[in-house]
Amino acid sequence: MKSSPHLPLLLSLSSAILSCSSNKDTLQRPNILFIMSDDHAWQAVSAYGGPLKDYAPTPNIDRIAQNGIRFDRCLVTNSISGPSRAVILTGKYSHLNGFLSNEAKEFDGSQQTFPKLLQKAGYTTAIIGKWHLVSNPTGFDHWEILPGQGQYYNPDFITAEGRHREEGYVTEIITEKCIKWLSEVKNSGKPFMLMMHHKAPHREWQPGPNELTLYKDITFPEPPTLFDDYSGRGRAEREQDMTIAKTMRLQEDLKLYKDPVKGKNVGLNRMTPEQAAAWDSVYNPIIRKFYANPPEGDELVRFKYQRYMQDYLACIAAVDKSVGRILDYLKETGLDKNTIVIYTSDQGFYLGEHGWFDKRFMFEESYRTPLLISWPGVTKSGSVNKNIVSNLDFAETFLDAAGVKIPSDMQGESLVPLLKGKKVPGWRKEHYYHYYEYPAVHSVKRHYGISTERYKLIHFYYDIDEWELFDLQSDPMEMKNVYNDPAYDRVKKQLHKRLEKIMKKYGDSDELALSFLPAK
Ligand code: SGN
Ligand code: CA
């Protein structure tokens, strides 16, 4: 007997209806487009204002803020890629989801995640782009991921069928793949949840063919703490390995290969001859100029900062175009009317503040991540939210928006009431952080801590056992540890108590942290 051609559609519809509280809800459940880039500092999103906005605006990403809400204090629980992704998927802190650092063996894909729960509730789900969790994705009807960090030019992708290379620039390829997938599922009768995960603007900041010349002659404003000497703080700040001055490499990072003529330029081994020619036509003159009269000392740091910004921001320009392209697609197809769009990054990043690049520390530049959300008919255009929110909240937010029951073991809070513009009495007044990756690249020592609106108490435990306390009101750039200042005794005591309480709340403790370590 031949089955009806409509059978798959009917089946998926009925399963969606069964798993939801009412037929009406099912038909109106919103699509979710989650766009996440890698290492995109909020200082480099023009919707957040700040000095870079006039030099390197992000008009398309800003469209999400114009249509919806800009969250001004979205804090990550562990400022590093794999762990951040695991937290987003599970709605649980690293010590519970098991992916503590980028060096973790693999993400346990058998555990509960929000994509699985959405899938069960009738959503079609996909992830396209950076994954960084080693094991293959679970809970997705479709996945095409970059291996590890991925490559900028002619990247490899891993799918259920295996690994293959594609020609082109990674940001553009991911965008086209996402649009193709949307076009395939948009009439399926099911709501979708798509995670579009860009590799850019991750180190080594290789701009795409269409942005190579964008900022090459621009001089960007320097951050006031570019020449921070870390006085007034402890060993953790002094002993890291992430300064523009010492750590940033002239060749791989800044593309200043000494002998460009011999074809040693970055990425050449993956580039087509045409891509390499376009690359060299931009970089070779820069290289020649640099080695003809190489700057030294502070001037070299200034030069490196400018080169860094030129490439980093050019990578972001491609991400911004990607966001524009996908927003336009939603509009053209009418999907925009019922799609929640989220823009965020796996963490923040230093753009020369404290003399640094990279992330990891519980200081605002890397602890805070951009978060813009629009939800037609729900979010008020151009609104701003100043509550402490977190990537811990994403899973619950998406489940709540989809009308799916939130499991009691998830640890975040649904942002849906905030998206509706409600004042939520009793909203969290503090946030817990825990970073584990040490010894490792960039040498940022292990630490945990608590942040309130005004204060931050940080414990660099185990490796050095040092405490730091910052008053964000009198010291927004976090230049002075006041832990031993008697004027802060009362605050310090209170924060210690609150830290103890919040660790208990989330099931973390010194003992647990130490149990993850090899014996000393
Ligand atoms: C690579 C980078 C580091 C970066 C980590 C983690 N070095 O090792 O600078 O901190 O990734 O980044 S590179 O020379 O290979 O680019 S993360 O965003 O994936 O956590
Ligand atoms: Ca990252």
Name all pairs fulfilling the salt bridge (charged side-chain N to carboxylate O under 4.0 Å, His left out) condition that reach into residues 333-342, sequence neighbours left out, sorted by first residue then second.
-> none
Check: residues 168-175 side-chain donor-acceptor pairs under 3.5 Å, at least two apart:
unit_1: Y169; atom_1: OH; unit_2: Q206; atom_2: O; d: 2.7
unit_1: Y169; atom_1: OH; unit_2: G208; atom_2: N; d: 3.2
unit_1: E172; atom_1: OE2; unit_2: N210; atom_2: ND2; d: 2.9
unit_1: T175; atom_1: OG1; unit_2: T171; atom_2: O; d: 2.6
unit_1: T175; atom_1: OG1; unit_2: S322; atom_2: OG; d: 2.9

Please identify each residue that fulfils side chain to side chain donor-acceptor pair (under 3.5 Å) with Y448, with sequence neighbours left out.
-> H459, D510
Set of side-chain contact (heavy atoms from CB on, under 4.5 Å) partners for E161, sequence neighbours left out | T159
Could you list the residues that satisfy side-chain contact (heavy atoms from CB on, under 4.5 Å) with D156, not counting sequence neighbours?
-> P147, Q151, R163, R165, R270
Under the side chain to side chain donor-acceptor pair (under 3.5 Å) test, residues paired with T369 that sit two or more places apart | none
Counterpart residues, side chain to side chain donor-acceptor pair (under 3.5 Å), relative to D393 (two or more places apart) = R428
Any sub-3.5 Å donor-acceptor pair from T379's side-chain atoms to G68's backbone N or O?
-> no
Return all side-chain donor-acceptor pairs below 3.5 angstrom for residues 48-58, not counting sequence neighbours, or 'none' if the list is empty.
unit_1: Y48; atom_1: OH; unit_2: F71; atom_2: O; d: 2.6
unit_1: Y48; atom_1: OH; unit_2: L371; atom_2: N; d: 2.9
unit_1: Y48; atom_1: OH; unit_2: L371; atom_2: O; d: 3.2
unit_1: T58; atom_1: OG1; unit_2: S46; atom_2: N; d: 2.9
unit_1: T58; atom_1: OG1; unit_2: S46; atom_2: OG; d: 3.0
unit_1: T58; atom_1: OG1; unit_2: D62; atom_2: OD1; d: 3.0

Among all residues two or more places apart in sequence or in another chain, which pass the side-chain contact (heavy atoms from CB on, under 4.5 Å) test with T219?
-> Q306
Any residue meeting side-chain contact (heavy atoms from CB on, under 4.5 Å) with S381, in chain and number order, not counting sequence neighbours = none
Salt bridge (charged side-chain N to carboxylate O under 4.0 Å, His left out) partners of residues 70-93, not counting sequence neighbours, each pair once | D38-R85, R70-D72, D72-K386, R73-E364, R85-D346, K92-D409
Geometric cation-pi criterion, K359 with Y435: 6.0 Å, 45° = no
Contacts of E222 that satisfy side chain to side chain donor-acceptor pair (under 3.5 Å) - sequence neighbours left out = R302
Give a yes/no verdict on a cation-pi contact between K190 and Y123, requiring under 6.0 Å between NZ or CZ and the six-membered ring centre and an angle within 45° of the axis.
-> no
